[in-house]
Structures are given as C-alpha cells and as structure tokens.
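Report on the following structure.
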Amino acid sequence: MRNIIITGGAGFIGSHVVRLFVNKYPDYNIFNVDKLTYAGNLANLKDVEGKPNYHFVKADICDFETIYKLMQDEHIDGIIHLAAESHVDRSIKDPFTFAQTNVMGTLSLLQAAKLYWESLPEKWEGKRFYHISTDEVYGALEMTHPEGIVPPFSTKASSGEHHLAYGEKFFTEDLKYQPHSPYSAAKASSDHFVRAFHDTYGLPTVVTNCSNNYGPYQFPEKLIPLFINNIRHRKPLPVYGKGENVRDWLYVEDHARAIDLIFHEGKVGETYNIGGFNEWKNIDIIKVLINTVDRMLGRPEGADMDLITYVTDRAGHDMRYAIDSSKLQRELGWEPSLQFEEGIEKTVRWYLDNQEWMDNVTSGDYQRYYEDMYAKR
Ligand code: NAD
Ligand code: DAU
C-alpha cells in the first residue's frame with residue numbers, strides 16, 4: 001500500500017500515527033485529512049511537515065465529494081480513520097456535533113472508499129479501511145475490588161510496580177456494546193457502520209478499541225495535560241465526584257505502534273482491543289502528577305496537594321474501564337513497550353519543556369498556524 005489517508009492527523013493520537021508512518025515508510029504517501037477543529041493543531045507535526053511523503057489536506061470528513069475526489073486523484077489504497085470529536089464533557093453539552101462527525105463523517109468515508117475501490121479492476125485487493133475506536137463503547141465495568149487485586153493475566157502489562165486490577169471483569173472483543181455518553185454512543189454507532197460495510201459489501205475493514213491514551217500533544221481539556229498545566233500554575237484541580245473512577249492508561253506511542261502493526265497485519269473483518277493492563281484510580285494518578293511536577297520544578301514533593309478540589313461528578317460518569325488486550329498480544333505479538341512510571345515521567349517532562357506549545361494552545365494562537373504555514377502557499 002502506497003497512498004494512505006490518515007484522518008484526524010492534526011489531533012493528539014493522529015499526530016503520533018502520522019509521524020510514525022511518515023518516518024518509517026518513506027515510500028508511502030501520507031495524506032493527513034483534518035478539518036482543524038479546536039482539537040487540530042498543525043504545530044503537532046512541525047517536524048514532518050517538510051517531508052516529501054507528507055501531505056496535508058484541510059477537509060471535513062463529512063464532505064463526501066472532497067473525500068471521494070481525493071481518493072480518485074491520489075489512488076488511495078488505505079485509510080486509517082482517527083478523526084472524531086473525542087471529549088466526553090463536550091459531548092454532554094453538544095451531542096449533535098458528535099453524531100455529525102463521528103457517525104456521518106465515518107459513513108461518508110466508508111461510502112467514498114466503497115465506491116472508489118469497487119470501481120477498480122482489482123477491487124478490494126490490497127485495500128484496507130482501518131477504524132480507530134474506543135473502549136468506552138463497552139460501557140462501564142463494576143469496581144468489585146476497590147482495594148485492588150493482582151490481575152489474573154499473564155500477558156505483558158505496562159502497569160509497572162502498581163499492577164492492580166479493580167475487578168475481575170475486563171473489556172473483551174466479544175462484549176456487548178453499552179455506551180453511556182453521547183460521545184461513546186456516536187463512536188459505537190460508527191463501529192456498527194464499519195462492520196456493516198464489511199458484512200454487506202465486503203469492504204476490507206478492521207476495527208480497534210483502545211483504552212485511555214496519554215503522552216505529548218494531548219489537548220489540555222483531558223485529565224493529564226490539564227492537570228499538569230494547572231499544577232505548574234498552581235491552579236485548582238477539578239476532580240469529578242470522589243476521584244475513585246478507574247481508567248486504563250496506555251502511552252500514545254504504544255498505541256501508534258499497535259495501529260501500524262494492525263494496519264499491516266491485522267485480519268480483515270476483525271476487532272482488536274488495545275490496552276496495557278494499567279488501571280489507575282483518578283485520584284491516585286493525580287497524586288503521582290502532583291509529586292512529579294513538584295519534583296521536576298524543584299518544589300517539595302506533594303507541596304501542591306491542596307490544589308485538589310472535588311467538584312460535581314460528570315453526568316453518567318463510567319466507573320471503570322479495563323481492556324483485555326490478550327488477543328492482540330497473542331495473535332499479532334504486540335506488547336506495550338513502556339512502563340507507566342517511565343511514561344508519566346516522559347510526559348510530565350515534555351509538557352514542562354514545551355510551555356510554548358501549551359501557551360499557544362491555551363491562548364488560541366495555535367489556530368493561526370494553518371493560515372501562517374499553509375494557506376499562503
Ligand atoms: P483529538 O480530539 O485530539 O483529535 C481529533 C482530530 O480530528 C483533530 O485534529 C480534529 O481537527 C479532527 N477532526 C474532528 N472533526 C473532524 C472532521 N469533521 N473532519 C476532519 N477532521 C476532524 O482526538 P484523539 O484523542 O487524538 O483521538 C483520536 C481517535 O482515537 C478518535 O477517534 C478517538 O475516538 C479515538 N480514541 C481516543 C483515545 C484517547 O484516549 N484519546 C482512546 C481510544 C480511542
Ligand atoms: O477510554 C478511552 C477514552 O479516553 C477516549 O475514547 C476519549 O476520547 C478520551 O477523551 C478518554 O475519555 P475519558 O473521559 O476517560 O478521559 P478524560 O481525560 O476526559 O477523563 C479521565 C478521567 O478523569 C475521567 O474519569 C474523568 C476524570 N476527570 C477528567 C477531567 C477532564 C476529572 O476528574 N476532572 C477533569 O477535569
């Protein structure tokens with residue numbers, strides 16, 4: 001496969017996937033298709049924007065005509081689809097935008113791929129539509145062991161010393177979909193459309209559902225970058241509810257490596273769950289962040305614990321997410337490479353060293369990057 005569209009490449013995970021593909025596959029043409037919503041930031045890709053195999057296309061995935069024409073003009077043979085509205089709190093306030101982009105946008109890409117590939121003599125041969133989804137479609141797991149238990153699995157984990165599970169059940173690929181937020185309902189719906197295009201038309205699809213990602217270039221509305229920035233500036237840390245909710249964290253570059261592997265070697269029609277068996281209660285992670293930021297800034301460790309501020313819980317707040325990624329580990333040999341302690345050190349260090357990136361995002365200046373760098377060309 002030589003000509004690949006990556007949607008949402010200016011976002012958090014997408015920028016890591018674009019960087020990996022542009023650097024690792026110089027003979028592939030990578031087309032980053034992104035609308036540049038508030039979450040899209042081309043400064044995330046400064047280091048690859050001059051490379052000959054990287055092309056930026058400002059477009060809305062809902063714009064079927066533009067996507068279809070791009071596929072024809074550039075002989076696209078693979079799509080890695082990450083573009084989405086991704087923040088749960090925004091979906092609670094504005095569900096329509098989530099249905100539009102996540103559902104209708106995915107449908108528009110599916111239909112463009114189907115019509116274009118079907119028109120070729122070789123049809124589906126060598127083609128792939130890879131849809132990136134989330135573990136949130138499975139709903140919430142119960143927290144049957146609030147103190148934590150040693151997890152009952154032998155596969156590689158990124159949980160390091162912590163290594164606890166907060167219940168016996170995990171999200172497996174065969175679990176029923178039970179989304180709770182408008183965000184996860186829209187993602188679930190898009191997953192169903194992808195599978196419907198495989199089952200009905202034979203489109204060569206693959207779907208993955210990943211747990212919470214963390215790392216550089218994440219928009220500071222999400223827990224980890226928001227809290228790192230607030231601790232730095234000694235602003236309150238708004239902890240939803242009691243801070244007891246559990247999330248399963250994976251370093252973003254490990255997700256990008258999994259996407260590369262599954263795009264090339266995953267079986268058509270299959271679903272793979274991606275996660276590092278790395279469950280943390282929010283409040284525990286917040287304490288790690290405070291200690292790490294304080295230490296790196298030369299403050300006494302824990303000096304900023306009083307920034308923790310318990311606030312009204314998120315509506316419909318899912319209690320626990322925990323991915324079982326043993327299918328991916330067993331069948332394709334993927335493993336998380338980084339332990340959480342290392343990943344968090346790298347992440348905090350990155351945000352502290354890249355204050356200019358953070359200031360551009362929080363001030364809104366990043367939205368002028370496109371006009372400055374691209375529109376004038
Ligand atoms: P993000 O919000 O950081 O980035 C989304 C990108 O999509 C942005 O660049 C935005 O401009 C672009 N976009 C939005 N609407 C668009 C449209 N209509 N047309 C074209 N581009 C559009 O998101 P992220 O956190 O990087 O997530 C990427 C994907 O991974 C999403 O599909 C999300 O559901 C999924 N996912 C995220 C996580 C996570 O922890 N962040 C975990 C599992 C799965
Ligand atoms: O599980 C994968 C999902 O992870 C992705 O599909 C989503 O796109 C991504 O945003 C993320 O969803 P979460 O809702 O889990 O992430 P968020 O960073 O918003 O919140 C993490 C946890 O922290 C969650 O339990 C809510 C809590 N939280 C979050 C914020 C922003 C707070 O307590 N306070 C906050 O200010």
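As the structure is a computational prediction, the values presented were derived from the model and not from experiment. As a basis for the values below, the full set of heavy atoms in this structure was taken, side chains included, without hydrogen atoms, waters or symmetry mates. Atoms within a ligand are numbered from 1 in the order they appear, just like the ligands themselves.
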(message) Using a 4.0 Å cut-off to any heavy atom of Asp60, which atoms of ligand 1 qualify?
(response) 17 (C), 18 (N), 19 (N)

(request) Return the option from Cys210, Ala10, Ser190 holding the heavy atom at the smallest distance from atom 43 (C) of ligand 1. (result) Cys210

(message) Under 3.5 Å between any N/O of Tyr183 and any N/O of ligand 2: does that happen in this structure?
(response) yes

(message) Can you tell me which portion of His255 lies within the under-4.0 Å heavy-atom range of ligand 1? Options are side chain, backbone, both, or neither.
(response) neither

(message) Quick check: Phe12 and ligand 1, any N/O pair under 3.5 Å apart?
(response) yes

(message) Cys210 versus ligand 2: do any nitrogen or oxygen atoms come within less than 3.5 Å of each other?
(response) no

(message) Within the 4.0 Å heavy-atom shell around Asn212, which atoms of ligand 1 are there?
(response) 40 (O)

(request) Could you find the nearest protein heavy atom to atom 29 (C) of ligand 1 and give me its residue, atom name and distance? (result) Leu82 O, 3.1 Å

(message) With respect to Thr134, determine whether any N or O atom, backbone or side chain, lies less than 3.5 Å from an N or O atom of ligand 1.
(response) no

(message) Is the positively charged end of Arg247 above the ring of Tyr321, judged by distance under 6.0 angstrom from the centroid and angle within 45° of the axis?
(response) yes

(message) Any nitrogen or oxygen of Glu85 lying under 3.5 Å from a nitrogen or oxygen in ligand 1? Just yes or no.
(response) no

(message) I'd like to check whether Tyr240 has a polar contact with ligand 2, where a contact means an N/O of the residue lying under 3.5 Å from an N/O of the ligand.
(response) yes

(message) Using only atom types and a distance under 3.5 Å, with no angle test, would you say the side chain of Lys114 pairs donor to acceptor with the backbone of Tyr201?
(response) no

(request) Examine the proximity of ligand 1 to Thr101 and report which part, side chain or backbone, both or neither, has a heavy atom under 4.0 Å away. (result) side chain

(message) Could you work out, for atom 1 (O) of ligand 2, the closest of Ile132, Asp313, Asp135 by heavy-atom distance?
(response) Asp135

(request) Decide whether a cation-pi geometry holds between Arg320 and Phe170; the criteria are a distance under 6.0 Å from NZ or CZ to the six-membered ring centre and an angle within 45° of the ring axis. (result) yes

(message) Yes or no: does Lys187 have any heavy atom under 4.0 Å from an atom of ligand 2?
(response) no

(request) Return a yes/no value for Glu136: is any of its N or O atoms, backbone included, closer than 3.5 angstrom to an N or O of ligand 2? (result) yes

(request) Answer yes if the ring centres of Tyr217 and His16 are under 6.0 angstrom apart, and no otherwise. (result) yes

(message) If I apply the N/O under 3.5 Å rule, does Ser86 come out as touching ligand 2?
(response) yes

(message) Just to be sure I read this right, does ligand 1 sit under 4.0 Å from the backbone of Tyr183, its side chain, both, or neither, counting only heavy atoms?
(response) side chain

(message) Quick check with a 6.0 Å cut-off and a 45 degree axis cone: is Arg90 positioned over the face of Tyr38's six-membered ring?
(response) yes

Under 3.5 Å, sequence neighbours excluded: what are the donor-acceptor pairs made by side chains of residues 286-295?
residue : atom : partner : partner atom : Å
Asn291  : OD1  : Gly302  : N            : 3.1
Asn291  : ND2  : Lys287  : O            : 3.4
Thr292  : OG1  : Val288  : O            : 2.6
Asp294  : OD2  : Gly302  : N            : 3.2
Asp294  : OD2  : Ala303  : N            : 3.0
Asp294  : OD2  : Asp304  : N            : 3.1
Arg295  : NE   : Glu301  : OE2          : 3.3
Arg295  : NH1  : Glu345  : OE2          : 3.4
Arg295  : NH2  : Glu345  : OE2          : 2.5

(request) Say whether Ile13, considering both its backbone and side-chain N or O atoms, lies within less than 3.5 Å of an N or O atom on ligand 1. (result) yes

(message) Under 4.0 Å, counting heavy atoms only: does Gly9 come that close to any atom of ligand 1?
(response) no

(message) Arg314 versus ligand 2: do any nitrogen or oxygen atoms come within less than 3.5 Å of each other?
(response) yes

(message) Under 4.0 Å, heavy-atom basis, I'd like to know which part of Leu36 is in contact with ligand 1: side chain, backbone, both or neither.
(response) backbone

